[in-house]
Amino acid sequence: MLDKAVNYIEKKTNNFKPEIGIILGSGLGDLADEYCDIAISYSEIPGFEASTVSGHKGRLVFAEINGKKTVMMQGRFHFYEGHSIQKVVFPVKVMKRLGVKTLIVTNAAGGVNAEFKPADLMIITDHINHMGVNPLIGLNDDSMGKRFPDMSEVYTRKYVELAENIGKNLGIDLQKGVYMAFTGPSYETPAEVRMARVIGADAVGMSTVPEAIVASWAGMNVIGLSCICNSAAGVSTVGLSHEDVIKAANDAKDKFKRLVKEIIKEI
Ligand code: HPA
């Protein structure tokens, strides 16, 4: 299936050969509207499935941004949609086979760290996998990565520093911290958020970790960026809604795009 998807995409894109992959999270898909040389609907690609979350378009977009060839996922596959964890990470394997060296993975997240405010951006320095599943379970594809991959530096340290410096230069305040993945689709309870804080998380969300594990396993550099869309349950007194999450992502969109474009330029 991987071969089929890669062949299909290479044919459709005339061997575009992207070097940077970008997974655009909830409300952050705009970048792929702004830059779009070739778009392929997920429903056309062997092994891909249609995205079921509103606010996600469901297409692969190929574009040159600041002189770099990129492939963007406008919408991702979430585990909570009922996809197998293998389906969730399939596009990352496809990107690897297309020649992607660096994956920029973005998401909307809830702030666990009390210092974080809605519409803050956070550079992910590490993660906690609390999804109860690992995307590398099953037969190991030795052509892509090792059976027991080291996860000491999933999020490439020199790129964390690069992103921090870019933030400073652009005058964009950036937070830094640990992202913890739950399966969703229910938001966390206040007790779960307290647990997340105690074990070292700064933000909670429902994605990113499976994709980052596979990218790291496959030898890609990884840059993780969270848009903190709300205070996680119990951190503030207001309840959570998907609408508020999308609104905060919208408020952060412009600085998010400026940051990502500059990162693309510098890597
Ligand atoms: N929890 C989990 N996922 C999220 C949240 C949250 O509070 N906000 C946006 N995505």
Side-chain angles (χ1 to χ4, degrees), residues 22-31 51-58 73-83 85 88-89 104-133 135 155 174-213 224-257 259-260:
I22 309 167
I23 302 178
L24 296 164
S26 295
L28 303 172
D30 259 31
L31 195 67
S51 177
T52 67
V53 189
S54 68
H56 290 255
K57 261 194 181 144
M73 284 187 78
Q74 198 170 26
R76 58 149 60 81
F77 303 111
H78 298 87
F79 192 51
Y80 65 70
E81 290 172 271
H83 301 302
I85 201 71
V88 171
V89 298
I104 303 175
V105 54
T106 74
N107 60 57
V112 172
N113 188 320
E115 311 265 294
F116 294 1
K117 302 175 303 297
D120 273 356
L121 298 180
M122 181 186 93
I123 309 168
I124 303 177
T125 55
D126 202 352
H127 72 226
I128 298 171
N129 182 8
H130 188 63
M131 285 186 152
V133 64
Y155 302 89
L174 294 176
Q175 309 285 5
K176 225 169 47 166
V178 174
Y179 175 91
M180 180 167 174
F182 288 72
T183 63
S186 51
Y187 289 116
E188 302 71 28
T189 63
E192 286 164 346
V193 172
R194 283 196 299 276
M195 170 190 73
R197 180 179 304 116
V198 166
I199 65 176
D202 295 289
V204 288
M206 307 174 190
S207 67
T208 300
V209 165
E211 295 117 311
I213 289 173
L225 299 172
S226 290
C227 172
I228 305 297
C229 290
N230 54 278
S231 297
V235 176
S236 92
T237 48
V238 292
L240 305 189
S241 75
H242 184 59
E243 290 68 35
D244 290 345
V245 168
I246 295 297
K247 189 187 168 303
N250 260 318
D251 292 344
K253 212 159 54 181
D254 285 338
K255 65 178 173 181
F256 168 80
K257 282 195 290 188
L259 176 69
V260 172

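Start at 1 and go down the list; that is how both ligands and their atoms are numbered.
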Given 3.5 Å as the limit, does a donor-acceptor pair link the side chain of [X] with the main chain of [Y], or not?
X: Thr125; Y: Gly177; answer: yes
X: Asn129; Y: Val133; answer: yes
X: Tyr179; Y: Ser207; answer: yes

| task | Would you kindly say whether Thr208 and Asn107 are connected by a side-chain donor-acceptor distance under 3.5 Å? | result | yes
| message | Using a 6.0 Å cut-off, check whether atom NZ of Lys176 has over 12 heavy atoms from anything other than its own residue. | response | no
| field | With sequence neighbours excluded, residues passing salt bridge (charged side-chain N to carboxylate O under 4.0 Å, His left out) with Asp251 | value |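 Per chain and number, Asp251 pairs via salt bridge (charged side-chain N to carboxylate O under 4.0 Å, His left out) with Lys247.
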| remark: Lining ligand 1 at under 4.0 Å, by non-hydrogen atom distance, are residues Ala108, Ala109, Gly110, Tyr187, Glu188, Val204, Gly205, Met206, Asn230, Leu240, Val245
